[in-house]
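Report on the following structure.
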Amino acid sequence: MSVRVVARIRPLLKSERDLDVILRTGPSAHGADKKSTTQEKGALATLRDRDTVVRIPNPKNESEEYSFQFNAVYEAEATQQELYEAEVAPTVKHLFNGFDVTLFAYGVTGTGKTHTMRGGKSLVDRGVIPRLLSSIYRRSRKMEKESNGETTVNVSLSYYEIYNDKVFDLFEPPEKRTLAGLPLRDNGGKTVVVGLTERPCHNLKEFEILYDQANINRSTSATKLNAHSSRSHAILCVRVTVSTGDKTCVSTASAIDLAGSEDNRRTDNDKERMVESASINKSLFVLAQCVEAISKKHSRIPYRESKMTRILSLGQNNGLTVMILNLAPVKSYHLDTISSLNFANRTKKIEVREVENEPIFKGPPRPVARPSIMGTLRQPLRPLTASVNVNLTTTAAKDAADPGEKPLKAFHVYSDKSQPRYSTQFKKPDLPKRTSLSADTTVRITKQPMRLAQPTHQQPSKQFEDFSAARIEEMVERKVEEILAVRAVSEQSRQTQVRELNEQVQRRLELLEQRIEGSEDARAEGLSYLLMAKQHQGRGEDSFALKMYQLALPFFPNNEKLARKIATLKERIHGKSHTETLAVDTTSSTVNSHPSKRDFGSMLSLKKQPAAKTTLKRTSADDSDADYEPAEDEDTQKVVNQDEEIEEIEVDLEEITHARRRKRTRTKTPIDMAEAFEPPSPRTIHLLSIINSRDVSQIKLLKGVGVKKAEAIVDCLCEMDQHVESPELEQEQAAAAAAQVHIHSLAELSKLKGVGMKSVQSMRNGVLV
Ligand SMILES: Nc1ncnc2c1ncn2[C@@H]1O[C@H](COP(=O)(O)OP(=O)(O)OP(=O)(O)O)[C@@H](O)[C@H]1O
């Protein structure tokens, strides 16, 4: 039998106007007169037409109408009770007879799916689900009572949602959810959710508590089109277990409230809602594709492309399926409504196998009478009775009228029920035929030929005919999925390995870079001392030069020339104060101790011990020219040598500078010592001139320098001056030294107290030239 599709048109909402109603039911505006040519025929046609047809204008030409016929149409005035009595109540009996039942609401957002399935709190407003449970409990009590306690009925529930294509248990609080949600597995041709809780539920009261609590966990949000929009597909599974003696029959009723498709040009959805919406639309799109593929008899149905379609398994599920198509009557839904109507039109052609579940027997396992190739394969089906196929509604009415009589099967059913042992293998029945588009199923089905049972002894190979095309397709699909899953896992582990390898290589590279950078930095720092030494020497500041050379020594520990230079300078300084230099403690700055920047800052400001300097100067004044000159000659020679060395070093410096420049373009390090050794740029010159101006008001305007820092810089410079302008200096030397100490490079600047390379770089970057 095909899926039963009924349309339900919701009433106008407060914000909607009568004027905008575009949906009509009943006879065609153009065809009404023609139909009533004979009085009786016309009345019947009108009746049938009114009950089953939805009409909607062509959006491109409003004078034209499209009409869609369904099994039933419920207009705005139809109550929850009417819909339930006509469409759902008749399925309850079949549920207790071992058939699975699937009920689902489909429609655009805001068309009344949740209202139909869940409904409101009041008795009249209760939707399909609470009414179904009420019927189930009522029937259970009745069965138990009538069997004098021989039959027991147990009801249990599971309830979950598919949100963003992930499955979450609605009986568990949201904080217990895992990121990936619950996995799905195939189990004997049915899709099951692994790890889902199943709650026994004994009566309607318990159900209401459980259901209300679980609905709080459901993902809903306000959107522009619906103040309480469902953002997920919600699936309630009601398991009914009927046990009589050693026989147990289990069947499941699934009630599904699908999330509605959304046109995001109309929703004004934010990012989060858009993600949900994309996921909802995608799953509904896959559902439409499945329906299309089934109706066109494609060999591959894309069930597995979305969790919702995999679970719903429309067309693969057994039992009875009823789809309620929810529609909004107004123009703003025009295109969406047409698309829903088209979808429903295709869905109604889907055939569902009306197969009841096999009963389970207690006690020792019964002999398996029929050979089975796979555990999951069902036995071949046989006609159950001389099937009289009638409309569900008709059967329900009959049942009500004739309660004592055993109800007729309402469907053309093939059963797995136990049969005489010798005739368990049957000829494969014909595949169910597609229903005609007409809603009048009675006529169609009674015309179908009876299918007769065939005994097993015919041909053993007949068992292979048990494989229907769909079954084979399913097996192949499962196999392919397994292979793909294995591949995916190995691909994933390969990618992880590659990623780990990349990380290792990256770490090693970084380490190497750090090492190179470290040695480069050290060398550059040493060179900067040498350069400063040269500058000091050029200005005749031998003590400063000596200090610089001594500072450079730790960076070039085995450099003989440097050691000689230090010795020469020491000698020269000592020679100048021959008699009193013994008192000078030149060892105070040991070449092996590498002073910190802080020490260096104080050294710049207290370059020499005032007492020693005084003695030195005074003594040098006493020196005879003769004593001094040879030394000067020698020194001249040595200065030439030094210059050569410095030139060599400068070549080195240039190399380093280039190397670092290359590296800088690669790694974009913000600061670089080597910059100090390049010919000063206009920016550097300008910065140094500001510093050398000693004007606190100007210096404080440099980037990263406030008043305090500016004052500290000026103080530091003055300290250095004070040091040179010692009152104990000889007149002429004092005059020579009276020239203020100047900072000549960024490196020098960075060595001042409280100034580091970072602040130098920031000052420099802030200078506008
Ligand atoms: N038959 C009806 N009678 C009265 N009100 C209805 C009916 N159908 C829908 N409504 C009202 O329309 C509004 C939207 O309905 P509902 O929330 O059920 O839509 P939905 O299709 O579930 O939307 P979504 O997909 O966004 O969750 C609600 O305010 C609901 O009360």
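Every number for a ligand or one of its atoms is a count from 1 in the order of the listing. We use all heavy atoms of the structure for the numbers below, so side chains are in, but hydrogens, waters and symmetry mates are not. As the structure is a prediction and not an experimental result, all values here were calculated from the model.
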Proximal ligand 1 atoms for L13, defined as those under 4.0 Å from one of its heavy atoms: 11 (C), 12 (O)
If we number the atoms of ligand 1 from 1 as shown, the ones under 4.0 Å from a heavy atom of G260 are 25 (O)
Close N or O approach (G112, ligand 1; < 3.5 Å): yes
Check the surroundings of atom CG in D18: do more than 12 heavy atoms from other residues, nucleotides or ligands lie under 6.0 Å from it? no
Would you call the rings of F68 and Y66 parallel, tilted or perpendicular, taking 30° and 60° as the class edges? perpendicular
Is T116 close enough to touch ligand 1? Criterion: a residue heavy atom under 4.0 Å from a ligand atom. no
Hey, would you say the F343 and Y106 ring centroids sit under 6.0 Å apart? yes
Counting N and O atoms only, with roles assigned by atom type, does the side chain of S232 sit under 3.5 Å from a partner on the main chain of A234, one being a donor and the other an acceptor? no
Are any of the side-chain nitrogens in E305 or R300 under 4.0 Å away from the carboxylate oxygens of its partner? yes
From the candidates K113, R8, R10, K14, the one that places a heavy atom nearest atom 8 (N) of ligand 1: R10
For ligand 1, which atoms have a heavy atom of V108 less than 4.0 angstrom away? 21 (O)
Looking only at atom types and distance, does a side-chain atom of D165 sit under 3.5 Å from a main-chain N or O of K307, one as donor and one as acceptor? yes
Considering only heavy atoms, which of T109, I9, T79 lies nearest to atom 26 (O) of ligand 1? T109
Nitrogen or oxygen atoms of D257 and ligand 1 under 3.5 Å apart: no
For ligand 1, which is the ligand I care about here, please tell me if G110 has any N or O atom under 3.5 Å from one of the ligand's N or O atoms. yes
Tell me whether R239 at atom CZ has more than 12 heavy atoms from other residues, nucleotides or ligands lying less than 6.0 Å away. no
